[in-house]
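Letters A, B, ... are given to chains in the order of the sequence lines, protein chains preceding strands, and every chain is numbered from 1. This one's a predicted model, so the numbers in the text were calculated from it and none came from an experiment.
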Number of protein chains: 2
Amino acid sequence: MAYPTVSAGPGPARPGLPDDPLARAAAPTPGCPVEVALDALRGRWTTLVIRELLRGTHTFGELAAALPDLSDKVLTDRLHRLAATGVVHRDRAPGWPTTVSYRLTARGQALGPVLQALWEWGAAD
Amino acid sequence: MAYPTVSAGPGPARPGLPDDPLARAAAPTPGCPVEVALDALRGRWTTLVIRELLRGTHTFGELAAALPDLSDKVLTDRLHRLAATGVVHRDRAPGWPTTVSYRLTARGQALGPVLQALWEWGAAD
DNA sequence: CAGCATCCATTCAGATACTG
DNA sequence: CAGTATCTGAATGGATGCTG
């Protein structure tokens, strides 16, 4: 075989890409881990919202203030989507007017190295 | 400050996210390295095309055969986009009918670890 | 404060048919 | 063989106005 593991170089086969049997999908499937991750990051503003939350817990209003050009509708959408994928945790405080704070879950924190890898690739010439 | 570097834990500040001064953008910008990387990976089928090329050089027809449900139009679009972002190199052989082969550039090979990071995050419960 | 409802412009991907 | 051209439907994102 001429190209047993092009991506890994001369080392042993690594789990994941492109050696993993799951990496044989002939079409995009929602179960593919890469698809799962890219889906979690998908959408304009998504990574900026995550970046703000990597710096700490924020309320909806604080996020809106940090990203002034992001509309309420899209911010709501992003936070709901991130909650659905288990990246953020939503905490509604009792009282009036309601304040809602968002923080990253452990899974969300784990996105740090992923974003780091993306950053490093994008920053390289 | 309560949250100097949530993502990095107790270690020293790392370059990149979220400590890098460039990571202060208040809106999505094409120059942000994370945007650059996600833009390179954006679009349905894109990562599958890259995965095939991680296994070695392929002609247009080989890629089409490996991904039978991917239309010519979208495959062309993906390859052109990947060439524009410096991920793949296009090599048109002389003669008729023309055969065109594609291989990853060094920059394209460098996507291996990035996809690996995405895979690992997506595969984790 | 933290959203939801509605409308609209743009982008995207798949299907089909044709060409250097 | 390796594309290009055109069309259509679906998804996306922004603006505006209203509500628990």
Give the rounded distance in Å between these two atoms: [atom1] of [X] and [atom2] of [N].
| X | N | atom1 | atom2 | value |
| --- | --- | --- | --- | --- |
| B/Leu63 | D/dC1 | CG | P | 14 Å |
| A/Asp77 | D/dG14 | CG | P | 11 Å |
| A/Leu70 | D/dA15 | CG | C1' | 13 Å |
| A/Asp72 | D/dG17 | CG | C1' | 12 Å |
| B/Leu75 | D/dG3 | CG | C1' | 10 Å |
| A/His58 | C/dC1 | NE2 | P | 17 Å |
| A/Arg90 | C/dA2 | CZ | C1' | 8 Å |
| B/Leu79 | C/dA13 | CG | P | 14 Å |

| query | Do side-chain atoms of A/Arg51 reach the backbone of B/Ala25 as a donor and acceptor pair under 3.5 angstrom? | reply | yes
The side chain to side chain contact (heavy atoms under 4.5 Å, CB included) partner of B/Arg42 among B/Thr46, B/Leu38, B/Asp39 is B/Asp39
So, does [X] get its side chain near the phosphate of [N], meaning an N or O under 4.0 Å from OP1 or OP2?
| X | N | answer |
| --- | --- | --- |
| A/Arg42 | D/dA11 | no |
| B/Arg78 | C/dA13 | yes |
| B/Tyr102 | D/dC1 | no |
| A/Trp45 | D/dT12 | no |

Does A/Trp96 reach a base, just sugar-phosphate, or nothing at all? Heavy atoms under 4.0 Å.
base
How is A/Thr98 classified with respect to the nucleic acid when contacts are heavy atoms under 4.0 Å: base, sugar-phosphate, or nothing? base
* Asked: Do B/Val87 and B/Leu53 come within less than 4.5 Å of each other through their side chains, counting heavy atoms only?
  -> no
Ranking A/Gly43 and A/Pro97 by the position along DNA chain D of their nearest nucleotide, the one closer to 5' is A/Gly43
Out of C/dG14, D/dT12, D/dC1, minimum distance to the side chain of B/Thr99 belongs to D/dC1
* Asked: Does the D/dG3 base have a donor-acceptor partner in the side chain of B/Lys73 within less than 3.5 Å?
  -> no
Rounded to the nearest 0.5 angstrom, the CG-OH distance for B/Asp91 and B/Tyr102 is 10.0 Å
Output for pair (B/Glu35 CD, A/Thr47 OG1), nearest 0.5 Å, gives 5.0 Å
